[in-house]
Amino acid sequence: MKVDREKPAGPASARPSAALKGAVAAPGDKSISHRALMFGALAEGETIVRGLLEGDDVLRTAAAMRALGAEVERDAAPDGPRWRVAGAPWRAPARPLYFGNAGTGCRLVMGAVAGQGVAAAFDGDASLRSRPMDRILAPLALMGATATSRDGRLPVEIEGGRKLRAIDYALPKASAQIKSAVLLAALGAQGETAVREPEPCRDHTERMLAAFGAQIAVEADETGGRIIRLAGGQQLRAATMHVPGDPSSAAFLVAAALVTPGSEVVVREVLVNPLRTGFYETLREMGADISFENERMAAGEPVADIRARHSMLSGVEVPARRAPSMIDEYPILAVVAAFAAGETRMPGVGELRVKESDRIAAVEAGLAANGVETASGPDWLRVRGRDGAVPGGGRVETRHDHRIAMSFLVMGLAARAAVEIDDAAMIATSFPNFFALMRSLGAAFDVAATA
Ligand code: S3P
């Protein structure tokens with residue numbers, strides 16, 4: 001099926017819909033797409049990437065790689081676009097690298113830039129400017145990088161001309177972005193870097209380093225965490241890869257099927273790396289009828305087709321240790337929880353406060369506007385389920401946050417009354433064909449303006 005890229009700007013609303021039916025492919029995984037471009041730009045030779053997510057966030061990374069010296073080209077092909085990345089020694093970009101809304105792109109490239117010893121300035125939109133960058137700059141400083149920032153936030157400038165030294169670094173939190181930034185810096189550093197993560201979090205950087213020919217060692221520690229070791233000075237070699245579907249985007253399709261009566265939806269070729277599937281595990285515990293079918297390996301990652309049917313759901317307590325494997329899915333989980341019977345408790349989610357928005361506050365405000373009760377603390381959220389009867393009828397402020405926007409549009413499909421969001425524009429950062437795919441399943445949306 002051909003789906004068009006739609007660029008809505010301004011408000012959108014979702015109306016109570018009939019059963020959702022059909023099979024669709026989720027867009028390419030955002031985390032893997034960013035990394036594929038970065039590793040291609042660092043590698044010797046030509047990297048070919050298929051299935052790249054062509055969302056705004058990833059396109060910013062593509063532009064940054066060009067500005068740093070790589071050749072990045074997109075060829076149209078009958079079976080979908082093909083991206084070619086020819087790596088080259090990195091050079092200082094003429095202008096600041098602008099990352100828009102993209103935390104992953106910005107933070108990982110900071111690590112890589114420091115490791116390559118080139119000077120670069122970094123900036124982003126209002127949301128990205130409000131997010132902490134000191135969590136990246138602190139380990140980079142330990143490695144010998146010099147940077148200036150606006151109080152630990154963007155704009156940031158990294159000085160060039162420094163050879164970094166390896167460190168042994170215990171991550172202060174289970175964050176794949178911090179881990180990846182340190183590993184990317186370590187590639188250009190002198191000596192062997194060790195990164196210790198308290199709990200395993202998404203490991204695409206480790207997998208991709210190996211796929212690009214680096215020697216990397218990963219071992220479990222005695223408390224359930226991991227230690228990753230990478231020697232500096234290794235030259236990456238170009239690779240060919242197919243990006244699997246994004247489980248964090250598939251989550252909206254699956255959630256829509258679970259809460260909309262009569263639905264049955266299949267999302268094809270979704271990444272099911274166990275460090276990304278906590279949301280699906282939680283849904284099963286809530287009583288969701290979902291199955292992983294046709295499980296197989298693609299580009300070194302496990303993938304499956306996910307089938308989801310409308311289900312009667314019950315509230316659960318989500319173990320705090322599961323948070324890293326579903327960190328981006330809490331907003332949509334909170335919406336699903338609103339349709340469940342009983343309370344859903346989400347402890348250990350303080351990181352949600354520093355995502356594209358304060359997602360605990362944004363979710364609570366959105367649920368309250370639609371007749372759902374919540375409670376929260378600095379690092380926890382509770383949702384009182386309405387057992388299938390969510391009033392809806394509210395207007396939700398998305399706060400420049402794509403996942404808040406999509407979560408509440410899903411709510412509107414199955415609530416008693418339509419749900420409106422103030423701005424649908426940010427959806428294009430991670431899921432540019434969201435409206436087209438959802439409509440192909442039968443979702444009823446009113447979108448103000450499309451360009
Ligand atoms: C990402 C890591 C996560 C996640 C983000 C993507 C990545 O952030 O929220 O959307 O690709 O490494 P943290 O590492 O800050 O938890």
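This chain uses plain numbering: 1 for the first residue, then up along the sequence. Just so we're clear, the structure is a prediction, and the values are computed from it rather than from any experiment. Read the numbers this way: they start at 1 and go in the same order the structure lists the ligands and their atoms.
With sequence neighbours excluded, the residues forming a side chain to side chain donor-acceptor pair (under 3.5 Å) with Glu364 are Thr374, Ser376, listed by chain and number. Scored by the side chain to side chain donor-acceptor pair (under 3.5 Å) test, Thr344 finds no partners at all (sequence neighbours excluded).
Less than 4.0 angstrom separates some heavy atom of Ile327 from each of these atoms of ligand 1: 9 (O). Taking every non-hydrogen atom of Thr104 and a distance limit under 4.0 Å, the qualifying atoms of ligand 1 come out as 1 (C), 5 (C), 6 (C), 7 (C), 11 (O).
Checking Gln177 against Arg107 by side-chain atom types alone, a donor-acceptor pair falls below 3.5 Å. His34 and Thr104 share no donor-acceptor pair across their side chains, judged by distance under 3.5 Å alone.
Considering backbone and side-chain atoms together, Ser31 places an N or O closer than 3.5 Å to an N or O of ligand 1. At least one N or O atom of Ala176 sits closer than 3.5 Å to an N or O atom of ligand 1. Where the criterion is an N or O separation shorter than 3.5 Å, residue side chain and backbone included, Ser175 meets it with respect to ligand 1. When only interatomic distances are considered, the shortest N/O to N/O separation between Ser180 and ligand 1 does not fall below 3.5 Å. At a 3.5 angstrom cut-off on N or O pairs, Gln177 counts as close to ligand 1.
Nearest protein heavy-atom neighbour of atom 10 (O) of ligand 1: Asp328 OD2, 2.7 Å.
At a 4.0 Å heavy-atom cut-off, ligand 1 touches Arg202 through the side chain alone. Under 4.0 angstrom from ligand 1, the non-hydrogen atoms of Arg35 all belong to its side chain. Contacts of Lys355 with ligand 1, taken as heavy-atom pairs under 4.0 Å, involve the side chain alone.
By the neighbour-count criterion of 12 heavy atoms within 6.0 Å, atom CD of Gln215 is sparsely surrounded, having that number or fewer from other residues, nucleotides or ligands.
Salt bridge absent: Asp305 and Arg268 never bring a charged side-chain N and a carboxylate O closer than 4.0 Å. For Arg207 and Glu301, the salt-bridge test passes: some basic side-chain N is under 4.0 Å from an acidic carboxylate O.
Asp56 places no side-chain N or O within 3.5 Å of a backbone atom of Leu59 that could act as its donor or acceptor partner.
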